Asks: 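There's a structure below that I have some questions on.
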Amino acid sequence: MTVSASATTINNDTILSGVPEGLDALVLTQLARQAGTETAPGIILHVARDDRRLDALEHALAFFAPNQRVISIPAWDTVPYDRVGPNAEITAKRITSLAKLVMGGRKEPTIVLTTVNAILQKLPPRNFIRQALRPMAAGQRIDMNKLMQRLDAAGFVRTGQVMDPGEFAVRGGILDLYPPGRLSPVRLDFFGDTLESIKSFDAETQRTSKLVQKLVLMPISEVAYGPEGEKLFRAGYVELFGGNTGDDPLYQAVTAGQRYPGVEHWLPLFHGSLETLFDYVAGSDISFDHSADEAVRRRFDQIKEHYEARLEGLEAAKFGAAPYKPVPPDQMFMSGAEWKFALDALHVRRFSPFEQSPGAQADSAKVRSYLGRAARTFAA
């Protein structure tokens, strides 16, 4: 299936008019193919307004181009400066997608899908993801104790029985593990220091099924746990908030090597520096959902509002809650200046469901019309 477009000269900003929701997935597929060269497949980054639109685009792309490589990076399901961390499944999906971008080796056109909330939030550096990746296969010699230490540093939690992503359990020479990037957990069977087999199993029945030929171990959290990460956290925390940490439950928990609820919201302190999604997909074109600009402005306002609320400490004053010391917004999120600088260096396409004349100027942006219109709905 193809879509005819009335092409115009493309400058840094282009409005793709006549592209209602539904048609945008097909247009994205074509743009990804056109972005490539003879030696390098194309890659484009598309920013959806919200999680609902992200999910809709994933399903539409699966229909229009089932063989298209799509990498989806959702946002955390929390508000800025929350007291709870993101859902484990969402974190696992984010880590898996970031690992795919880091590993490279792209052999086909790729569409990277994300949301406004996700792209404005900074990410762990690519080197953190790269160093945490470890391929495993049957026959390898692996020290189980060192593997458990590695899992702990990667954010996994030891439990009695593995049920959810990010958990691992040990029984004798068997290590059960639910790593990111898999639909089911895996069972590692050891004989001494030799990994004899890797099998997937059902989390409900705990029964093994098929053999897994190769497994890539990756972190389950964006936080750098372990001695090095904790050292960076303590130094950064004291530098930002001072040395009076005696009654600070967050500082005490991290110092003791414990997991603190919502510690992800202090992510910058666990890394030397953070990066952005633009660093992970350097050189790619970018496109935006209709009305995404309004969503960006709302997100900036929300970040500012929640940061100022934490500074006022209303929870501690009214309810006796533990003190909350938020990291500055420009450490955790992109600033307005960083956002503008990143977009100025890219070819930006903005989808619009409304029809405009090809070649017309709209806010100094060129217009490319796809002549699409929303069909009548018979859902009722």
Side-chain angles (χ1 to χ4, degrees), residues 76-92 94-95 121-125 128-129 131-132 134 143-171 175-180 185 217-274 306 310 313 315-316 319-328 331-332:
W76 288 354
D77 58 334
T78 61
V79 296
Y81 302 105
D82 209 339
R83 285 190 178 271
V84 296
N87 177 275
E89 292 187 4
I90 289 178
T91 301
R94 285 167 58 90
I95 291 290
Q121 182 175 309
K122 293 185 178 180
L123 299 167
F128 165 73
I129 302 291
Q131 290 180 348
R134 177 173 180 178
D143 187 302
M144 183 182 282
N145 290 326
K146 290 184 179 180
L147 177 58
M148 288 191 289
Q149 293 174 4
R150 189 181 186 96
L151 290 174
D152 185 70
F156 287 81
V157 177
R158 185 169 180 173
T159 61
Q161 181 173 300
V162 171
M163 297 293 295
D164 299 309
E167 295 180 344
F168 77 96
V170 179
R171 299 185 307 279
L175 190 150
D176 290 347
L177 171 69
Y178 204 147
L217 182 63
M218 59 186 71
I220 194 63
S221 174
E222 296 171 47
V223 172
Y225 290 105
E228 186 61 32
E230 292 168 7
K231 180 180 178 181
L232 284 171
F233 172 86
R234 290 194 297 270
Y237 201 82
V238 171
E239 182 181 349
L240 277 177
F241 308 117
N244 185 18
T245 58
D247 62 343
D248 194 317
L250 167 63
Y251 186 89
Q252 297 300 324
V254 174
T255 300
Q258 300 171 353
R259 304 297 164 82
Y260 187 83
V263 71
E264 292 85 356
H265 297 280
W266 285 269
L267 183 67
L269 302 183
F270 287 91
H271 299 279
S273 62
L274 298 185
H306 282 257
R310 289 304 186 192
E315 287 179 326
F319 310 111
Y324 193 112
K325 301 175 182 178
V327 297
Q331 291 190 20
M332 188 72 186

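Since we're looking at a predicted model, the values are computed, not measured. Note that these values count all heavy atoms, side chains included, but never hydrogens, waters or copies made by symmetry.
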Asks: Do the non-hydrogen side-chain atoms of Met218 and Ile129 ever get within less than 4.5 Å of each other?
Replies: no
Asks: For Arg134, check salt bridge (Lys or Arg N to Asp or Glu O under 4.0 Å) against everything at least two apart and list the hits.
Replies: none
Asks: Locate the shortest heavy-atom distance separating Ala132 from Pro219; write the atom from each residue and the value.
Replies: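 The pair with the smallest heavy-atom distance is CB-CD, 3.4 Å.
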Asks: If you look only at pairs with a residue in residues 218-241, which of them pass as a side chain to side chain donor-acceptor pair (under 3.5 Å), with sequence neighbours excluded?
Replies: Trp76-Glu222, Arg94-Glu222, Tyr237-Asp248
Asks: Using 0.5 Å steps for rounding, measure from the CD1 atom of Ile90 to the CG atom of Asp77.
Replies: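 If we round to the nearest 0.5 Å, Ile90:CD1 and Asp77:CG are 3.5 Å apart.
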Asks: Enumerate the side chain to side chain donor-acceptor pair (under 3.5 Å) contacts for residues 263-274, please, sequence neighbours excluded, ordered by first and then second residue.
Replies: none
Asks: Would a distance-only check, ignoring hydrogens and angles, find a side-chain to backbone donor-acceptor pair under 3.5 Å from Tyr324 to Tyr81?
Replies: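 Looks like yes, one N/O pair under 3.5 Å.
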Asks: For the atom pair CG (Leu175) and CE (Met148), what is the distance rounded to the nearest 0.5 Å?
Replies: 7.0 Å
Asks: Just so I know, are the side chains of Ile220 and Thr91 near enough to count as touching, which here means a heavy-atom distance under 4.5 Å?
Replies: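 Not touching, per the 4.5 Å side-chain cut-off.
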Asks: Counting only heavy atoms not in Gln252 (residues, nucleotides, ligands), do more than 12 fall under 6.0 Å from its CD?
Replies: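 More than 12 heavy atoms, drawn from other residues, nucleotides or ligands, come within 6.0 Å of this atom.
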Asks: Restricting to non-hydrogen atoms, name the atom on Thr78 and the atom on Val84 that form the minimum distance, rounded to 0.1 Å.
Replies: CG2-O, 3.6 Å
Asks: Report yes if the side chains of Val327 and Leu267 come closer than 4.5 Å at any heavy-atom pair, otherwise no.
Replies: no
Asks: Flag the pair Val263 / Leu250 as yes when at least one side-chain heavy-atom distance between them is below 4.5 Å, and no otherwise.
Replies: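 Heavy-atom side-chain distance check passes, below 4.5 Å.
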Asks: Taking the side chain as every heavy atom from C-beta outward, state whether Leu240 and Leu269 have any atom pair closer than 4.5 Å.
Replies: yes
Asks: Could I get the full list of side chain to side chain contact (heavy atoms under 4.5 Å, CB included) partners for Pro249, not counting sequence neighbours?
Replies: Tyr260, Ala322, Pro323
Asks: Compare every heavy atom of Pro180 with every heavy atom of Phe156, then report the nearest pair and how far apart it is.
Replies: CZ-CD, 3.9 Å
Asks: I would like to know whether Lys122 and Met332 meet side chain to side chain contact (heavy atoms under 4.5 Å, CB included); could you show each step before the answer?
Replies: CA-CA 6 Å; Lys122 293 185 178 180; Met332 188 72 186; over 6 Å; no
Asks: Has the side chain of Asp176 got a donor or acceptor atom that lies under 3.5 Å from a matching backbone atom of Val162?
Replies: no
Asks: Quick one: does Leu177's side chain get under 4.5 Å of Phe168's, heavy atoms only?
Replies: yes
Asks: Using the side chain to side chain donor-acceptor pair (under 3.5 Å) rule, collect all pairs that involve residues 143-154, keeping only residues at least two apart or in two chains.
Replies: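 Every side chain to side chain donor-acceptor pair (under 3.5 Å) pair that includes a residue of residues 143-154, provided the two are not neighbours, is Asp152-Arg259.
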Asks: Under the side chain to side chain contact (heavy atoms under 4.5 Å, CB included) rule, collect the residues that match up with Asp164, sequence neighbours excluded.
Replies: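 Once residues adjacent in sequence are excluded, the partners of Asp164 under the side chain to side chain contact (heavy atoms under 4.5 Å, CB included) criterion are Glu167.
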Asks: With side chains defined as the heavy atoms from C-beta onward, is the minimum distance between Gln161 and Arg171 less than 4.5 Å?
Replies: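 Heavy-atom side-chain distance check fails, nothing below 4.5 Å.
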Asks: Would you call Phe233 and Val223 a side-chain contact if the rule is heavy atoms closer than 4.5 Å?
Replies: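 The answer is no, as the side chains (C-beta and beyond) never meet within the 4.5 Å cut-off.
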